[in-house]
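This report concerns only the one structure given below.
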Amino acid sequence: MKKGLSVFSLILSFSLTLAGCAAGNGPSSASSSSPSNGQTQTNSPSVDSVSANQPESQPESLSENSIPLDRHITQLEPGLSAVRFDGDYGFDEFLEQGGAFSDGEVAQYLVENMAGEMGLDFLGKIFGCSTLAVSSPDGDILFGRNFDWNTCNAMIVEAHPENGYASLSTVNMDFITQGAESTMGAVMKLEQVQTLAALYAPLDGMNETGLAVSVNMIQDSTNISQNTGKPGITTTTAIRLLLDKAASVDEALELLGQYDLYASMGYMVHFAIADCFGRSVAVEYVNNEAVIIETPVLTNFYLAPGEKNGIGTQQSHQRFEILTDLLSHNSFLTEIGVRDALSSVSKGNFGEFESTEWSIIMNLTNKTARYFHRENYENSYLFSL
């Protein structure tokens, strides 16, 4: 255990029960006094969503200003916050001791190596998500991502590990705080606890090398439980692994191949991975075997050929068709075009009870991430690595 972690362990004891999208917790050793590039609020005129067969041609531009983050959580608006962490959060030790074969084992690692006993319950269900990768007219590689869920509290985490790539990632904080009771709920309000928990619970992100990754659910009764004797990783520790250690799609695939994946809470998932060299893939698991599909678009059904092909929600097929048709008519999209593409497949277009809680335009060339919250596509927050 790291020295900074042991000190915190003397102060606080807690245990974690991870489910849904895996999450973790631990003490803070963040002490950076030199802020990095971070967030800023920008406004842009309203633009109608891009239609599936109409090239985007709006002259509008988005602000390129960004402001620093530090170790104190910044509330951007209700339901959206951001924070920076510098230092060690124990992830190398997590991998070295064999990873984890379940969310419970991630929790046990954190109990034994970070701090003591807290009972948490992670509830909820992933309803849909969409991603697309495309080049801009200037040659930048853009990766767009919608996260669809019930109303939740999201946090953007800028991480600067001691032994890994800097990254920006997004966390549904309700996975971490939901179910905490009385004094334990009060403990979860501590900024350092929230930040460390969030580091083990990313649902998407981009690192300083220009690698992007996100997880999408597939509605299927089967689960991912590889058991080949390799070290284990769970859904979000897999994302943390790639953000910390991979500089390209090839490296990401090689890393995933070194671990057995165990998806959280019985959810079937697949990953969208893209890099600044222009490659974008989906990683799916059929009968616990990884299948790689070259694709610029991913929603919530299997793309892998064979028995599973097409299994997923009907709405996810609609979103996939909208985005693929758009790309078939547009070889390039600006960031505004990607924004409008994400808007065109956001949940508000389908009259369902969940919403698109956040949308991101990741510029994998310039290493910026622009966030839109709860389908407000006139307002954005810009972060830079």
Side-chain angles (χ1 to χ4, degrees), residues 1-14 16 18 22-39 66-75 81-97 99-100 106-116 118 155-171 173 176-177 187-209 211 213 233-234 236-247 255 367 369 383-385:
M1 185 188 307
K2 295 293 183 182
K3 180 178 179 181
L5 303 181
S6 62
V7 171
F8 190 77
S9 300
L10 296 175
I11 302 171
L12 172 68
S13 65
F14 63 92
L16 297 176
L18 285 83
N25 211 0
S28 176
S29 60
S31 59
S32 173
S33 60
S34 58
S36 72
N37 289 329
Q39 58 80 11
S66 61
I67 61 176
L69 287 177
D70 59 29
R71 62 188 178 89
H72 297 292
I73 294 174
T74 300
Q75 296 296 326
S81 60
V83 71
R84 169 174 170 148
F85 183 92
D86 291 78
D88 178 59
Y89 39 84
F91 193 69
D92 284 339
E93 289 83 355
F94 168 78
L95 297 176
E96 289 168 4
Q97 58 88 48
V106 177
Q108 188 62 33
Y109 167 78
L110 294 167
V111 168
E112 295 175 353
N113 293 274
M114 302 294 181
M118 172 185 296
M155 187 156 77
I156 301 157
V157 181
E158 180 181 344
H160 292 261
E162 290 181 355
N163 184 30
Y165 298 121
S167 66
L168 289 161
S169 61
T170 331
V171 181
M173 294 302 291
I176 298 169
T177 59
V187 169
M188 281 307 303
K189 294 179 181 179
L190 296 174
E191 285 193 350
Q192 65 266 41
V193 176
Q194 292 185 34
T195 301
L196 266 294
L199 286 162
Y200 279 78
L203 299 174
D204 50 47
M206 172 190 70
N207 70 20
E208 65 179 305
T209 73
L211 181 91
V213 59
I233 49 175
T234 57
T236 58
T237 54
I239 296 177
R240 174 51 60 198
L241 171 71
L242 301 188
L243 292 177
D244 282 11
K245 307 296 183 182
L255 276 171
K367 318 305 187 297
F383 298 79
S384 298
L385 286 173

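All residue numbers refer to positions in the sequence shown, counting from 1. Keep in mind the model is a prediction, meaning the values are calculated, not measured.
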Find out whether [X] and [Y] are in side-chain contact, i.e. whether some heavy atom of one side chain is under 4.5 Å from a heavy atom of the other.
X	Y	answer
Arg240	Leu199	yes
Thr195	Tyr89	no
Phe91	Asn163	no
Tyr200	Thr237	yes
Leu203	Thr236	yes

With sequence neighbours excluded, residues passing side chain to side chain contact (heavy atoms under 4.5 Å, CB included) with Ala100: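 For Ala100, the residues satisfying side chain to side chain contact (heavy atoms under 4.5 Å, CB included) (neighbours in sequence not counted) are Phe94, Glu105, Val106.
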Which pair of non-hydrogen atoms, one from [X] and one from [Y], has the smallest distance, and what is that distance?
X	Y	answer
Arg71	Glu191	O-OE1, 4.0 Å
Ala166	Leu385	O-CD1, 3.9 Å
Val171	Ala198	CG2-O, 3.3 Å
Arg84	Leu69	CD-O, 3.8 Å

Scan Leu243, Val83, Leu168 and name whichever one has a side chain to side chain contact (heavy atoms under 4.5 Å, CB included) with Val157.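 That would be Val83; it is the only one of Leu243, Val83, Leu168 passing the side chain to side chain contact (heavy atoms under 4.5 Å, CB included) with Val157.
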Please report the interatomic distance [atom1]([X]) to [atom2]([Y]), rounded to the nearest 0.5 Å.
X	Y	atom1	atom2	result
Phe383	Met206	CZ	CE	10.5 Å
Leu241	Ile233	CG	CD1	5.5 Å
Ser167	Ile239	OG	CD1	11.0 Å
Ile156	Ile73	CD1	CD1	12.0 Å
Met155	Ser169	CE	OG	9.0 Å
Thr209	Lys367	OG1	NZ	7.5 Å

Side chain to side chain contact (heavy atoms under 4.5 Å, CB included) between Asp92 and Lys245, worked out: CA-CA 10 Å; Asp92 284 339; Lys245 307 296 183 182; 2.7 Å; yes
For Thr170, give me all partners under side chain to side chain donor-acceptor pair (under 3.5 Å), at least two apart in sequence or on another chain.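 So Thr170 forms a side chain to side chain donor-acceptor pair (under 3.5 Å) with Asp204, Tyr371.
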Would you check if the side chain of Gln194 reaches a backbone N or O of Leu196 as a donor-acceptor pair within less than 3.5 Å?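 Not a single qualifying donor-acceptor pair exists.
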